[in-house]
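Have a look at the structure below before the remarks.
Numbers restart at 1 for each chain; the letters A, B, ... are given by sequence-line order, proteins then strands.
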Amino acid sequence: MDSTYKPHELESTLYENWERNNWFAPKKGDEAYSIMIPPPNVTGSLHMGHAFQHTIQDALIRLARMQGKETLWQVGTDHAGIATQMVVERNLARDNLPPRIEMGREAFIEKVWDWKKSSGGTITKQMRRLGNSVDWETERFTMDEGFTEAVQTAFIKLYDEGLIYRGKRLVNWDVKFHTAISDLEVENHEEKGFMWEFKYPLADGETTSDGNDYLVVATTRPETLLGDSAVAVHPDDERYKNLVGKFVVVPFVGRQIPIVADHHVDPEFGTGCVKTTPAHDFNDYQIGQRHKLPMFNIFSKSAEILVMAEAYDADGKANESLAFSLPESFVGLDRYQARKTIVKALEEQNLLIGVKDHLLQVPKGDRSGLVIEPMLTDQWFVDAKTLAKPAIEAVETGDMEFVPKQYENMFFAWMRDLQDWCISRQLWWGHRIPAWYDDEGNLYVGDDEASVREKYELDDKPLHQDEDVLDTWFSSALWTFATLGWPEQTDRLKTFHPTDVLVTGCDIFFFWVARMMMMTMHFMKDEHGKPQVPFKTIYITGLIRDEHGQKMSKSKGNVIDPLDMIDGIGLEELVAKRSTNLMQPKLAQKIEKQTRKEFPEGIGEHGTDALRFTLTSLASTGRDINWDMKRLEGNRNFCNKLWNAARYVLSHTEDHDCSKPSDEPLSLVDQWIISRLNQCITDVTEQFARYRFDLASQTLFEFIKNQYCDWTLELSKPVLFDDNATDSQRQNTRYVLSHVLETVLRLAHPIMPFITETIWQKVKVTQGLSDDTLMLMAYPTSDELLVNANAEASIEWLKSVIVAVRNIRGELNISPSTALPVFLVNASSQDEMFLRINQRLIERLAKVDEVTVLSPSEEAPLSATQLVGDMKVLVPMAGFIDLEKEQARLQKHIDKLDKDIQRVENKLGNEKFVANAPKEVIDKEKEKLASALSAKAELAIQFDKINNAD
RNA sequence: AGGACUAUAGCUCAGUUGGUUAGAGCGCUACCUUGACAUGGUAGAGGUCAGCAGUUCGAAUCUGCUUAGUCCUACCA
């Protein structure tokens with residue numbers, strides 16, 4: 001083995017071997033365990049968030065597999081309708097190819113499939129590099145044949161059950177992509193804008209109570225006045241009560257529209273008069289519905305003023321008799337130009353009263369970034385309220401559990417107040433809606449045209465399919481069961497559904513998780529007909545941010561590709577990666593500067609295991625993670641530590657059979673580390689079960705570094721190197737070194753698969769094992785009988801004595817190469833016993849040439865002092881110790897003890913404390929006080945001794 | 001507007017049903033090429049647990065308020 005840890009060399013070939021042997025595939029077992037991967041966008045690439053979530057899933061899966069369960073980690077990708085279509089359209093423009101519309105639907109879709117083929121491999125490559133042990137044999141795609149069938153089946157069933165309907169509704173319209181989007185795909189941003197006030201002339205000579213012949217309305221969107229259907233006032237507003245039922249005249253178009261009374265209006269806000277545009281505002285739509293107002297659409301699909309306004313009755317039926325032409329001077333203007341022009345025209349007609357600055361929330365499409373236009377269109381909807389009920393119940397009863405728990409609140413709040421879900425998208429890439437229309441506009445839903453004709457007993461009249469596709473999230477909502485073969489009742493479905501845990505970020509909680517719950521519980525029932533949950537536990541990870549707590553994003557230029565942390569990347573390449581293909585190229589310079597400052601030498605190689613270990617170490621629940629490069633480095637060093645520890649162990653065990661100890665009993669050191677190992681196994685297993693990957697990692701780190709490397713390896717040296725040791729003792733030590741290492745490799749494997757497997761392949765030989773791979777070995781279980789208090793006491797004592805001497809050495813600057821004599825004073829019979837057993841080890845590890853126990857009658861030489869319990873460890877001062885330094889050191893310790901004594905005395909002097917606190921607590925305090933007092937006394941004596949010697 | 005979360009060492013974070021001498025990693029200081037490891041070893045310094053008030057014998061931990069920050073949901077034209 002190489003003396004330094006070179007992750008790339010060992011990681012690159014291992015995965016291939018695992019995969020070739022098909023060790024990721026489920027293996028029959030009594031108990032099943034499954035995780036469905038949140039399917040990443042097929043054409044995307046993995047970012048740190050994925051690396052994080054995948055690491056956690058892989059750790060859980062590897063653990064379950066080692067625990068002998070029939071384990072499936074279902075892999076797959078999502079077709080990501082709008083995102084993918086957007087990328088492909090951009091590519092067409094870049095390659096000077098005809099745009100989508102000219103190309104036509106079929107040709108375009110072919111282009112998308114081509115793109116999927118050429119770019120879809122990125123993710124799978126990354127996942128392999130991350131060591132993700134997914135079952136590649138059953139990889140799925142949300143648009144593969146079987147999945148498409150599942151989507152159709154689900155849609156048709158829901159339609160037949162009345163849970164999907166079609167209707168003309170006001171929806172969020174993306175004016176760039178010309179499609180409806182769901183509420184969730186709209187992001188609200190606060191922006192500075194204006195509020196205009198203008199006059200609406202009253203018709204028929206009416207006047208307000210204060211004598212005006214007009215009403216004043218306030219609006220942030222004056223351009224929509226062309227499509228107004230009413231002016232609304234509050235029913236109790238005395239100012240306008242007499243005008244309800246009367247009319248105003250819409251400027252420029254001359255239509256008369258009614259004044260209606262509606263509770264929605266806040267009389268305190270503005271003038272108390274609201275212009276009402278049901279076809280272009282969600283609140284106005286509601287008002288319109290309540291008052292059966294007609295609706296006027298004045299915008300094209302790109303939000304430009306139409307030639308003729310389209311008119312609809314309140315129920316959504318077109319009503320051509322109400323249609324009207326729009327003023328020529330406005331026709332064709334986009335909404336912002338129209339706004340300017342109309343405000344100017346209002347001013348010219350003396351209708352404008354004023355304009356104020358106004359802070360408003362602007363809804364924008366999350367993909368296009370453009371302001372959403374509420375638009376009246378025919379769309380498909382899912383009755384979300386009905387589907388949500390079983391999911392809510394399942395969380396209430398605990399059938400589904402959130403980790404961390406607080407997400408329940410968010411879940412309930414959202415689920416209990418659901419609007420119907422708009423699932424149709426005016427895109428081409430996606431699952432086309434299985435609905436057909438005849439020339440009269442009658443609707444037929446079925447698998448395909450032929451089955452529709454049969455189902456509805458249609459003759460051969462012409463039918464045409466709905467042009468729309470389904471929201472991507474409609475298909476991914478079926479992910480947990482459609483991947484397992486549904487609608488067929490496959491064995492896989494029976495074995496692996498419900499799944500055990502879903503690991504995902506809260507960013508797609510509503511998009512995906514909530515909808516998956518709804519769909520799954522509707523379609524999947526157990527043998528008693530009870531709805532099945534999609535997963536028993538939902539583990540929600542935090543977001544990975546950069547070191548300043550900023551969200552990682554391409555436009556901020558602060559993303560780091562997980563693979564670059566693994567294999568490293570040069571500065572120039574990193575700069576290039578970050579500053580090209582930006583949506584806003586002008587940011588490139590700033591990003592370059594920032595990157596050069598932050599990574600003057602690029603990013604070094606750290607290896608997958610270090611990355612994974614860092615991610616799990618940071619995975620405490622319910623908290624975002626600010627990425628810290630330093631921690632990654634620290635953990636790479638930890639890997640190096642493990643690597644070198646293994647080199648040491650192997651160098652002493654390679655040529656021996658270490659599968660068994662000798663016939664002689666194990667030494668206390670040997671028993672101690674085995675005892676600690678068993679405690680470690682218990683802790684790590686429990687922490688995994690609680691999803692506390694941070695604690696599991698920390699426990700492993702502590703054991704491997706502080707117990708195994710720092711002590712066990714050092715304590716083995718006297719045995720392995722000294723001529724005095726017997727063959728049996730050496731055999732025992734070799735056995736323990738090798739056995740503990742082998743066990744801890746199994747224990748750490750779920751988090752650090754590569755380094756553990758690599759080392760294990762060597763260690764297994766010394767343990768007489770012939771198994772092929774660590775990943776299929778049994779996960780360690782602890783043995784209570786091996787937890788040994790006696791051995792622990794002895795070795796903890798030994799460690800304290802060694803540390804005491806080192807402490808004196810360190811604080812008094814005595815060279816580590818100087819061998820020191822040590823005297824022990826106040827040694828109890830137990831101390832003396834421990835000394836007899838451990839003396840050689842003290843001499844060796846503390847570099848002590850002689851340990852002498854002084855009886856009470858013997859005078860100790862002038863010494864530096866450290867206490868181990870009541871026993872004094874003395875290092876004589878003759879020759880190497882500075883008296884003043886030692887006095888200062890003693891004083892420091894005495895001061896500390898004084899503070900402790902003070903605090904404890906106060907506590908014990910408090911009658912209420914003594915009266916109320918449990919006896920154990922009081923006893924503990926008393927003990928504390930006694931030992932602190934005696935410790936202080938001892939140190940004071942030493943202090944005085946030095947004084948007198950002066 | 002409503003809700004949630006966060007505030008602990010210079011930095012990134014642990015701290016479980018209230019009882020600790022409040023921990024880890026990184027950084028810092030000193031010493032050290034000791035036969036696995038300088039991607040190292042040994043030792044050390046460093047904290048009014050955001051602030052205020054309360055409950056309690058006892059609060060980093062429970063309650064209320066304040067401040068700062070993050071996020072979610074909704075939204076007044």
Next item on the list: Return yes if a side-chain donor-acceptor contact under 3.5 Å exists between A:Thr616 and A:Ser697, otherwise no.
Entry: yes
Margin query: For a quick check of understanding: with a heavy-atom distance under 4.0 Å over all strands, which category does A:Arg889 fall into, base, sugar-phosphate or nothing?
Written below: nothing
For residues 263-276 of chain A, run the donor-acceptor check on the side chains, cut-off 3.5 Å, and write out each pair with its distance to 0.1 Å, sequence neighbours left out.
{"residue": "A:Asp266", "atom": "OD1", "partner": "A:Glu268", "partner atom": "N", "Å": "2.9"}
{"residue": "A:Thr271", "atom": "OG1", "partner": "A:Val216", "partner atom": "O", "Å": "2.4"}
{"residue": "A:Thr271", "atom": "OG1", "partner": "A:Cys273", "partner atom": "N", "Å": "3.4"}
{"residue": "A:Lys275", "atom": "NZ", "partner": "A:Thr224", "partner atom": "OG1", "Å": "2.6"}
{"residue": "A:Lys275", "atom": "NZ", "partner": "A:Asp228", "partner atom": "OD1", "Å": "3.1"}
{"residue": "A:Lys275", "atom": "NZ", "partner": "A:Thr277", "partner atom": "OG1", "Å": "3.2"}
{"residue": "A:Thr276", "atom": "OG1", "partner": "A:Val274", "partner atom": "O", "Å": "3.2"}

Next item on the list: May I have the step-by-step check of side chain to side chain donor-acceptor pair (under 3.5 Å) for A:Asp898 and A:Gln902, ending in yes or no?
Entry: CA-CA 6 Å; A:Asp898 265 334; A:Gln902 194 63 53; over 6 Å; no
Next item on the list: Select base, sugar-phosphate, or nothing to describe what A:Asp266 touches, counting heavy atoms under 4.0 Å on all strands.
Entry: base
Check: When rounded to the nearest Å, what value does the distance between C1' atoms of B:rU33 and B:rA7 take?
Finding: 44 Å
Next item on the list: Please name all residues satisfying salt bridge (Lys or Arg N to Asp or Glu O under 4.0 Å) with A:Asp694, sequence neighbours left out, ordered by chain then number.
Entry: A:Arg692
Item checked: A:Lys924 with A:Glu927: basic N within carboxylate O range, under 4.0 Å -> no
Checklist line | Atom of A:Ala261, atom of A:His291 and distance for their closest heavy-atom approach | finding: O-CE1, 2.9 Å
Could you list the protein-to-nucleotides 45-49 of chain B atom pairs, N/O on both sides, closer than 3.5 Å?
none

Item checked: Interatomic distance at P, B:rA22 relative to B:rA9, whole Å -> 14 Å
Next item on the list: Say whether A:Arg647 and A:Asn644, considering side chains only, have a donor N or O and an acceptor N or O under 3.5 Å apart.
Entry: yes
Next item on the list: Rounded to whole angstrom, note down the P distance from B:rC26 over to B:rG41.
Entry: 9 Å
Next item on the list: Pull out every residue in residues 215-235 of chain A that has a heavy atom closer than 4.0 Å to any atom of RNA chain B, ordered by number, or say none.
Entry: A:Ala218, A:Thr219, A:Thr220
Item checked: Side-chain N,O (A:His358) to OP1/OP2 (B:rA77) below 4.0 Å -> yes
Check: Atom CG of A:Leu741 to atom P of B:rC37: distance rounded to whole Å?
Finding: 16 Å
Notebook entry, point to check: Considering only the P atoms, how many Å lie between B:rA60 and B:rA53, rounded to the nearest integer?
Noted result: 14 Å
Checklist line | Electrostatic pair A:Lys630-A:Asp628, nearest N-O below 4.0 angstrom | finding: no
Margin query: With a 6.0 Å cut-off on the ring centroids, do A:His652 and A:Phe721 count as close?
Written below: yes
Next item on the list: Tell me which of A:Cys273 and A:Thr4 sits closer to the 5' end of RNA chain B, going by the nucleotide each one is nearest to.
Entry: A:Thr4
Next item on the list: Output all residues satisfying ring-ring contact (aromatic ring centres under 6.0 Å, His included) with A:Trp196, sequence neighbours left out; order by chain, then residue number.
Entry: A:Phe194
Checklist line | Nearest-Å distance once atom C1' is located in both B:rG58 and B:rG18 | finding: 8 Å
Notebook entry, point to check: Looking at A:Glu886 and A:Arg889, does any basic side-chain N land under 4.0 Å from a carboxylate oxygen?
Noted result: yes
Check: Going by the angle between their ring planes, with limits at 30° and 60°, are A:Phe688 and A:Phe693 parallel, tilted or perpendicular?
Finding: perpendicular
Check: Is the centre of the A:Phe703 ring less than 6.0 Å from the centre of the A:Phe701 ring?
Finding: no
Next item on the list: Compare side-chain N and O positions of A:Lys928 against OP1 and OP2 of B:rU21 and report whether any pair is under 4.0 Å apart.
Entry: yes
Margin query: A:Lys892: which residues meet the salt bridge (Lys or Arg N to Asp or Glu O under 4.0 Å) condition with it, sequence neighbours left out?
Written below: A:Glu811
Notebook entry, point to check: Base, sugar-phosphate, or nothing: which does A:Phe701 touch, judged by heavy atoms less than 4.0 Å apart?
Noted result: sugar-phosphate
Check: Taking 4.0 angstrom as the limit, do A:Glu373 and A:Arg221 come out as a salt bridge?
Finding: yes
Notebook entry, point to check: Hey, does the side-chain of A:Arg809 have a donor or acceptor N/O within less than 3.5 Å of a partner on the base of B:rU42?
Noted result: no
Notebook entry, point to check: Given atom CG of A:Asn640 and atom P of B:rA38, what is their separation to the nearest angstrom?
Noted result: 8 Å
Margin query: Checking the side chain of A:His606 only, and the main-chain atoms of A:Met565 only, is there a donor and an acceptor separated by less than 3.5 Å?
Written below: yes
Note to self: With rounding to the closest Å, how many angstrom separate the C1' atoms on B:rU56 and B:rC62?
What the structure shows: 10 Å
Checklist line | Per-nucleotide protein contact string for nucleotides 53-61 of chain B, where B marks a base within reach and S marks sugar-phosphate only (heavy atoms under 4.0 Å, - for neither) | finding: ----B----
Item checked: Any A:Asn188 side-chain nitrogen or oxygen under 4.0 Å from OP1 or OP2 of B:rC75 -> no
Check: CD of A:Glu187 versus C1' of B:rA74: gap in Å, rounded?
Finding: 15 Å
Checklist line | Per A:Arg903 side chain, nearest of listed nucleotides B:rU21, B:rA77, B:rG19 | finding: B:rU21
Check: If you measure from the P atom in B:rG19 to the same atom in B:rC31, how many Å do you get, rounded?
Finding: 41 Å
Notebook entry, point to check: What pattern of brackets, bars and dots sums up RNA chain B from 5' to 3', given Watson-Crick or G-U wobble pairs under 3.5 Å, [ ] for crossing pairs and | for another strand?
Noted result: (((((((..((((.....[...)))).(((((.......))))).....(((((..]....))))))))))))....
Show every donor-acceptor pair shorter than 3.5 Å between a side-chain atom in residues 507-515 of chain A and any protein atom, with sequence neighbours excluded, or say none if there are none.
{"residue": "A:Trp512", "atom": "NE1", "partner": "A:Ser476", "partner atom": "O", "Å": "2.8"}
{"residue": "A:Arg515", "atom": "NH1", "partner": "A:Phe511", "partner atom": "O", "Å": "3.2"}

Item checked: Distance, P atom - from B:rG10 to B:rG3, rounded to whole angstrom -> 35 Å
Next item on the list: May I ask you to check whether A:Thr699 and A:Glu702 show a side-chain donor-acceptor distance below 3.5 Å?
Entry: no
Check: Would you say A:Glu11's side chain and A:Thr608's backbone share a donor-acceptor pair under 3.5 angstrom?
Finding: yes
Where do N or O atoms of nucleotides 29-36 of chain B meet protein N or O atoms at under 3.5 Å, pair by pair?
{"residue": "B:rA36", "atom": "OP1", "partner": "A:Lys717", "partner atom": "NZ", "Å": "3.1"}
{"residue": "B:rA36", "atom": "O2'", "partner": "A:Asn644", "partner atom": "OD1", "Å": "2.8"}
{"residue": "B:rA36", "atom": "O2'", "partner": "A:Arg647", "partner atom": "NH1", "Å": "2.8"}
{"residue": "B:rA36", "atom": "N7", "partner": "A:Lys717", "partner atom": "NZ", "Å": "3.4"}
{"residue": "B:rA36", "atom": "N6", "partner": "A:Cys709", "partner atom": "O", "Å": "3.3"}
{"residue": "B:rA36", "atom": "N6", "partner": "A:Glu714", "partner atom": "OE2", "Å": "3.0"}
{"residue": "B:rA36", "atom": "N3", "partner": "A:Asn644", "partner atom": "O", "Å": "3.3"}
{"residue": "B:rA36", "atom": "N3", "partner": "A:Ala645", "partner atom": "N", "Å": "3.2"}

Notebook entry, point to check: Listed by chain and number, what are the salt bridge (Lys or Arg N to Asp or Glu O under 4.0 Å) partners of A:Lys928, not counting sequence neighbours?
Noted result: A:Glu925
Next item on the list: Figure out the NZ/C1' separation between A:Lys630 and B:rG25, and round it to whole Å.
Entry: 12 Å
Using a cutoff of under 3.5 Å, can you pull out all pairs of nitrogen or oxygen atoms linking the protein to nucleotides 10-14 of chain B, with atom names and distances?
{"residue": "B:rU12", "atom": "O2", "partner": "A:Arg631", "partner atom": "NH1", "Å": "3.2"}
{"residue": "B:rC13", "atom": "OP1", "partner": "A:Asn626", "partner atom": "N", "Å": "3.1"}
{"residue": "B:rC13", "atom": "OP1", "partner": "A:Asn626", "partner atom": "ND2", "Å": "3.2"}
{"residue": "B:rA14", "atom": "OP1", "partner": "A:Ser620", "partner atom": "OG", "Å": "2.2"}
{"residue": "B:rA14", "atom": "OP2", "partner": "A:Arg623", "partner atom": "NH1", "Å": "2.4"}
{"residue": "B:rA14", "atom": "O3'", "partner": "A:Arg692", "partner atom": "NH2", "Å": "3.2"}

Next item on the list: Have a look at A:Arg636 and say if it touches a base, only the backbone sugar-phosphate, or nothing, with a 4.0 Å heavy-atom cut-off.
Entry: base
